[in-house]
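Below: the structure, in structure tokens.
Letters go in sequence order (proteins before strands), and every chain restarts at 1.
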Amino acid sequence: MKKNVLIIAGPTAVGKTDLSLKLAQELNGEIISADSVQIYKGMDIGSATPSDEELNTVKHYLINEVNPKDEYSVALYAKEAREIINDIHSRGKLPIVVGGTGLYINSLMYEMDFSEQVKDDKLRKKLMDEAEVEGVDYIHNKLEKMDPNAANNIHKNNLKRVIRALEINILTGKKMADFKTDPVKTTEFNPILICLKRNRKLLYVRINRRVDIMLKNGLIEEVKKLKKNGLNQDYTSMKAIGYKEVLGYLDGKYDYDLLVTIIKKNTRHFAKRQLTWFRRYNDAIWINIDNHNDNFEETYKKIIKIVNNG
RNA sequence: GGAGGGGUUCCCGAGCGGCCAAAGGGGGUGGACUGUAAAUCCAUUGUCAGAGACUUCGAAGGUUCGAAUCCUUCUCCCUCCA
């Protein structure tokens, strides 16, 4: 029988951390983060990384692992998280994947083909320059000739993706579809996907409140520190919500009030995108936790039952 | 008290007789997503909805084949002079 992996997903600020800590204690589990920002070191406030106390209560993985100047990727995540899952299983414990990065979670639940190491920054830049000079239609037509299927699926304005598809074709001669086999579920373990949700309005209230708290807790200082260490908006890590906006504020692009508004807005938009992503999974178990602000008992008991019954 | 300017769809803001359910932006909502994913991109946004019908542009009247657009009165807001 395949071993279980419990996955707790959901939009930002829904309350994943609190619940997962409780679950880990009840289920003899260890937590693997699925968060593309918490994985970076020194980005704690803006990414709502669990506190030191929380991190010490339950064993956590893939949090504060990567230098913000380094690049990270789903491919790496899929590899590392699977190794950790195996390790946890080998010790007879339950791996609990917690996070809101849909693609990362997807890379665990499904077999994604990351075998070909293809990436060429120079080529990307060249294509980007080309697009700037010739226009998006030109570059999209180019893709149309090389990989009509991909061109059909990617909107011409989505430059990043158009270029990626071209990059793959130029580097490997393959087409996008060659990597995009029908979703095949992983056979290594049995993923149990729990998606947490709340009433949208309430979620937005929580988001707004949390942004205020982040600011009060020193988000700006955190970004200043990162900036001092040489980080700027060109780094992937600094494109995270909260960070990119504060960098703009520090550069004088807008005042404090507008900064707050923008961070909140972007976070709300993000939460919406997360929800859209998670809705793709037909076998997801959605749990509304509106009524569990103070007491998770009912929710975690429900989840424990689900896990125990396979 | 006098002289002007203005009240437009959730918000800001264009329109100034028909091509206006009304530009544009914001916000909201829905969606896409295979190595940057907290990224990147798309759609939709008066109501019912099938073409189409119905109710909107501060309020009430009026002119006109036809009004958000013109006239009258009322009402609220802003600026300047007193």
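Contacts of A:Tyr104 with the nucleic acid, taken as non-hydrogen atoms under 4.0 Å apart, involve only primed sugar atoms and P, OP1 or OP2. Among the atoms of the strands shown, base atoms are found under 4.0 Å from some heavy atom of A:Ser47.
Regarding contacts with the backbone of B:G31, a side-chain N or O of A:Thr276 is found under 4.0 angstrom from either OP1 or OP2. For B:U29, the OP1/OP2 oxygens have a side-chain nitrogen or oxygen of A:Tyr204 closer than 4.0 Å.
A:Asn141 is linked by a side-chain hydrogen bond (donor to acceptor under 3.5 Å, both in side chains) to nothing, counting only residues two or more places apart in sequence or in another chain. In terms of the ring pair (Phe, Tyr, Trp, His ring centres under 6.0 Å) criterion, A:Tyr243 has no residue partners (sequence neighbours excluded). Residues satisfying the side-chain hydrogen bond (donor to acceptor under 3.5 Å, both in side chains) test with A:Asp121, not counting sequence neighbours, are A:Lys119.
Less than 4.0 Å separates RNA chain B from no heavy atom of any residue of residues 212-235 of chain A.
Hydrophobic clustering, defined by side-chain heavy atoms of Ile, Leu, Val, Met, Phe, Trp and Tyr closer than 4.5 Å, groups A:Ile63 together with A:Leu55.
Under a 4.0 Å N-O distance rule, the pair A:Asp212/A:Lys264 qualifies as a salt bridge.
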Polar atom pairs (N or O), protein with nucleotides 39-43 of chain B, under 3.5 Å:
residue, atom, partner, partner atom, Å
B:A39, OP1, A:Lys244, NZ, 2.8
B:A39, OP2, A:Arg273, NH1, 2.4
B:A39, OP2, A:Arg273, NH2, 3.1
B:A39, O2', A:Lys160, NZ, 2.0
B:A39, N1, A:Arg161, NH2, 3.1
B:U40, O2', A:Asn158, OD1, 2.2
B:U40, O2, A:Asn158, ND2, 3.4
B:C41, O4', A:Asn158, OD1, 3.2
B:C41, O4', A:Asn158, ND2, 3.4
B:C42, OP1, A:Asn157, ND2, 2.5

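With A:Leu259 as the partner, the side chain to side chain contact (heavy atoms under 4.5 Å, CB included) test is satisfied by one option alone out of A:Asp255, A:Ile263, A:Thr261, A:Asp257: A:Ile263.
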